[in-house]
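Numbers here simply count residues along the sequence, with the first being 1. In what follows, every heavy atom counts, from backbone to side chain, and hydrogens, waters and symmetry copies are set aside.
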Amino acid sequence: MKGLESLTAGDLSAWLQLATTQVLPGKFPPHIPRLAMANPDWFAVHICCESGKSYSQGDTNYVFPLMSVIKPFSLLYLLELLGAETVFQWVGVEPSDAPFNSLEQLVADGGHPRNPMINSGAITLADKLPGNDASDKTQLFCQWLNQSAGCDLRLDEAMLASVRSIPSRGNQAIANYLTEKEQLENLDISLDTYEQICCLSGTVEDLALLGKLLACENNFLDSQHRRIVNAVMLTCGLYEVSAQFAVRVGLPMKSGIGGGLLAIVPNQGAIACYSPTLDSVGNPVAALAFVEALSQKLQLSIFG
């Protein structure tokens, strides 16, 4: 019998060593100086199963910013608050073969963000979060996540200052175009909210607990909303290489340039990894290698 529950500590150690020693070196993102303060050799994994069993190895006390790993949860939050019909008037669910910060893709699509996992879609949804200003929106969202998942996310003010130290011209251009197309109610608040929610930070255990919301049936989330978010993660969560990893791993996943990677094993549990260096697409190198090995060895793919 394969599956997450069949995992042993010995297996975990072996695959962790494989992932951290046999992958090509990655790079730190150049536009957020504070991310480069991490040790490139750090690696952490936390796996939580539906049964309550959990596994943890590596540098698990390290707190890192979720960055784009937050995007599935802003989608989930708005689905719960407003419903799918409303949310998908603002963003689509189609994969993109362009980089996550592509203005050209947005222009080609007439200003309608292709999906919520790329920056145009996430900035649009940040605009729709409830609250009076960016800090209020972020605080309400963070409280909802912590109460729902039992995790302990917090806004990393130092990371937010680092993000703001080199303003993103790409995100500004995207927000300008969205405003021109009347997709945003308030350009400045949208960008500010987006930057703040990306700097919500926690450990791999916090991220795994968030993932468990999407992996397992619970009493307070609509099952259809969980299925929607998982489907969008599978097809869009790793940007333009999402299809490749749907074939190779077969799990809904979401990465972030902060080094986080979340993989959902429906009805079994969630796998959260942290490895700070990235490939050319913006996905954490060692974390992806680890999840691929784990999925293949334990036959975790949702496609049987």
Side-chain angles (χ1 to χ4, degrees), residues 1-20 42-64 66 69-70 72-73 76 144-154 200-223 225-227 229-231 233-234 237 245 248-256 259-275 284 286-304:
M1 174 69 179
K2 297 289 187 179
L4 272 188
E5 293 281 358
S6 68
L7 185 63
T8 67
D11 291 336
L12 196 59
S13 295
W15 297 328
L16 191 151
Q17 189 170 11
L18 185 76
T20 53
W42 279 340
F43 188 92
V45 57
H46 188 93
I47 299 169
C48 56
C49 301
E50 185 177 28
S51 64
K53 196 173 178 182
S54 66
Y55 307 84
S56 206
Q57 280 198 24
D59 304 287
T60 53
N61 291 326
Y62 187 72
V63 174
F64 57 93
L66 296 188
V69 187
I70 201 67
F73 298 98
L76 179 66
W144 183 81
L145 290 173
N146 287 337
Q147 288 167 2
S148 300
C151 56
D152 188 24
L153 299 182
R154 297 177 188 183
L200 291 175
S201 301
T203 63
V204 280
E205 182 177 1
D206 292 317
L207 181 54
L209 288 169
L210 282 176
K212 199 172 178 183
L213 284 177
L214 294 172
C216 306
E217 286 284 348
N218 52 63
N219 295 325
F220 48 89
L221 290 180
D222 187 302
S223 297
H225 296 157
R226 289 174 42 247
R227 285 192 288 271
V229 175
N230 283 329
M233 285 173 71
L234 180 77
F245 283 93
R248 287 162 56 178
V249 177
L251 296 174
M253 293 193 283
K254 186 71 194 82
S255 62
L261 180 73
L262 178 64
I264 306 301
V265 189
N267 305 313
Q268 293 188 48
I271 305 161
C273 299
Y274 167 73
S275 65
L288 263 183
F290 173 81
V291 171
E292 184 172 353
L294 196 71
S295 178
Q296 291 177 359
K297 300 287 186 182
L298 299 181
Q299 298 175 14
L300 300 179
S301 172
I302 61 173
F303 301 109

Might you point out which heavy atoms bring [X] and [Y] nearest each other, and give the distance in Å?
X	Y	value
S6	G3	OG-O, 2.6 Å
S56	T60	OG-CG2, 3.3 Å
A208	A272	N-CB, 3.5 Å
A287	S275	N-OG, 3.0 Å

List in chain and number order the residues that pass side-chain contact (heavy atoms from CB on, under 4.5 Å) with [X], two or more places apart in sequence or in another chain; answer none if no residue qualifies.
X	value
A215	I264
N267	none
C216	E50, K212
V45	L12, L16, F43, I47, Q57, I271, C273, F290

To the nearest 0.5 Å, what is the distance between [atom1] ([X]) and [atom2] ([Y])?
X	Y	atom1	atom2	result
S148	L209	OG	CG	12.0 Å
Q268	S51	CD	OG	10.0 Å
T203	D152	OG1	CG	8.0 Å
D222	L76	CG	CG	9.5 Å

| field | Qualifying residues under ring-ring contact (aromatic ring centres under 6.0 Å, His included), relative to W42, sequence neighbours excluded | value |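 Testing W42 for ring-ring contact (aromatic ring centres under 6.0 Å, His included), a comparison that skips the adjacent residues, returns Y62.
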Indicate yes or no: at least one non-hydrogen side-chain atom of [X] is less than 4.5 angstrom from one of [Y].
X	Y	result
L153	F73	no
Y55	L4	no
L7	L294	yes
L145	I70	yes
L207	H46	no
V265	L251	yes
D59	F64	no

| task | Give the C-alpha distance, both sets of side-chain angles, the deciding distance and a yes or no for side-chain contact (heavy atoms from CB on, under 4.5 Å) between V63 and R154. | result | CA-CA 10 Å; V63 174; R154 297 177 188 183; over 6 Å; no
Side-chain atoms of residues 296-304: list all donor-acceptor pairs with protein atoms under 3.5 Å, sequence neighbours left out, distances to 0.1 Å.
unit_1: Q296; atom_1: NE2; unit_2: R248; atom_2: O; d: 3.3
unit_1: Q296; atom_1: NE2; unit_2: E292; atom_2: OE2; d: 3.4
unit_1: S301; atom_1: OG; unit_2: F303; atom_2: N; d: 3.1

| query | Is the side chain of K254 donor-acceptor paired with the backbone N or O of L262 at a distance under 3.5 Å, no angle test? | reply |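 Absent.
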| So, S295 side chain and V291 main chain: donor-acceptor pair closer than 3.5 Å or not? |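 Checked: no pair found.
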